[in-house]
Number of protein chains: 2
Amino acid sequence: MNSYEDEFRNYLKENGLKFTPERQLILKGVFSLHKHFDIDQLWEKLHRKDRRLSRATIYRTLPLLVECNLIQETLRCQGRVQYEHIFGHEHHDHLVCLKCGKIIESREERIEKLQEEICKRYHFKAVEHRLGIRGYCQKCQNKMKGT
Amino acid sequence: MNSYEDEFRNYLKENGLKFTPERQLILKGVFSLHKHFDIDQLWEKLHRKDRRLSRATIYRTLPLLVECNLIQETLRCQGRVQYEHIFGHEHHDHLVCLKCGKIIESREERIEKLQEEICKRYHFKAVEHRLGIRGYCQKCQNKMKGT
DNA sequence: TTTGTAATTGAGATACAATCTCAATTATAC
DNA sequence: GTATAATTGAGATTGTATCTCAATTACAAA
Ligand SMILES: [Mn+2]
Ligand SMILES: [Mn+2]
Ligand SMILES: [Zn+2]
Ligand SMILES: [Zn+2]
């Protein structure tokens, strides 16, 4: 079992890319955040450690991390792409509260199976799939009743 | 069973909004397109009939059509939001080919049921859900083998 | 039908995430 | 160490989407 850093180093080497201090910083940042994040949140966190780190470098690095399956695009909230690290985590679906923004994660094996079935039916080779349910969490439902 | 125009007129009236010629044109345009479309494609089509029609009016009208469940945001392709009309159509999921852009539509009752089950489990009140599978269609798989 | 009024429109300005440019810097293989 | 191609930061640029505002218009009430 490789570490995420090994995975990234291997990916970079295989593609003739360099393991720079900036990329290392971003990699560590991504795996130290244990929730969904967008690029600006990540930049804000990392910029404190390295005042020179540019947003452009993050924009350039995250697609690399997606490419080698360390992180994943999850949702788009308020026009911003959200990411989460997935290395060492199971795939899961997301329930997003439209009021408070709360995200519930759920894994349902039977849905995964059915998706595979659908792909077979259409001779479709899936690379990625995303199930997002938008609505209202329990708390927000109660608040709305109270009004 | 109301027509989509009745639906829209009622929605507008209920909200103190006006049924303008522009909105009528956009409504008809949306229901004469029998595939997924983005705002620019719609504008290009409608602009021929009414040279004055502004993109801004389309940007302003589509959210109204979403609000009254006549159309739906489906996917985001190349940074553009894609819509489709849903009035009179069953809900379905989308398989998108990353190479040629082909979209396969699929309805799987069992997945729908499981989604409801998940929502119950978390006391979550769903408003909308979207399942998107990205990958390669059969044709594109064959092309890639040939290379 | 006429009138009053708030909603709507088009054109252009603006916002803003994401991408690109380019000269200076740097990781890595030899 | 050297050579070289990749990488970086800063700022410019792109392109979708939103906003502004004066002029227009739908529509309800008279
Ligand atoms: Mn998640
Ligand atoms: Mn569809
Ligand atoms: Zn909530
Ligand atoms: Zn294809």
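- The shortest distance between side-chain heavy atoms of B:Asn15 and B:Leu64 does not fall below 4.5 Å.
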Query raised in the report: Which string of ( ) [ ] | and . matches DNA chain C, if you list each base 5' to 3' and count Watson-Crick or G-U pairs only when both distances are under 3.5 Å?
Result: ||||||||||||||||||||||||||||||

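- Under a 3.5 Å cut-off, the side chain of B:Thr61 and the backbone N or O of B:Ile58 do not form any donor-acceptor pair.
- In this structure, B:Leu25 places its CG atom 16 Å from P of D:dT25, rounding to the nearest Å.
- The side chain to side chain contact (heavy atoms under 4.5 Å, CB included) test with B:Glu105 is passed by exactly one of B:His89, B:Glu90, B:His36: B:His36.
- A continuous path of Ile, Leu, Val, Met, Phe, Trp and Tyr side chains, each step under 4.5 Å between heavy atoms, connects B:Leu131 with B:Tyr122, placing both in one hydrophobic cluster.
- Judged purely by atom type and a 3.5 angstrom limit, A:Trp43 uses its side chain to pair as donor or acceptor with the backbone of A:Leu53.
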Query raised in the report: How does protein contact run along nucleotides 19-30 of chain C, one letter per nucleotide 5' to 3', with B for base contact, S for sugar-phosphate only, - for none, heavy atoms under 4.0 Å?
Result: BBB----BBSS-

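- Using a 4.0 Å heavy-atom distance criterion, B:Leu53 is classed as a sugar-phosphate-only contact.
- Around the NZ atom of B:Lys113, the shell of radius 6.0 Å holds no more than 12 heavy atoms that belong to other residues, nucleotides or ligands.
- The distance between atom CD of B:Gln41 and atom C1' of D:dG15, rounded to the nearest whole Å, is 16 Å.
- Distance, A:Leu64 CG to D:dT8 C1': 14 Å, rounded to whole Å.
- Counting to the nearest Å, the P atom of D:dT18 and the CZ atom of A:Arg80 are 15 Å from each other.
- The closest donor-acceptor contact from the side chain of A:Arg23 to the backbone of A:Lys18 lies under 3.5 Å.
- Rounding to whole angstrom units, CD1 of residue B:Ile39 and P of D:dG15 are separated by 17 Å.
- Rounded to a whole Å, the CD atom of B:Glu73 is 13 Å from the C1' atom of D:dT16.
- Between B:Glu22 atom CD and D:dT25 atom C1' there is a gap of 9 Å when expressed in whole angstrom units.
- Put simply, CH2 on A:Trp43 is 16 Å from P on D:dT8, counting in whole angstrom units.
- Rounded to the nearest 0.5 Å, atoms NZ (B:Lys35) and CD (B:Gln82) are 9.5 Å apart.
- For NZ of B:Lys28, the number of neighbouring non-hydrogen atoms (other residues, nucleotides, ligands) closer than 6.0 Å is 12 at most.
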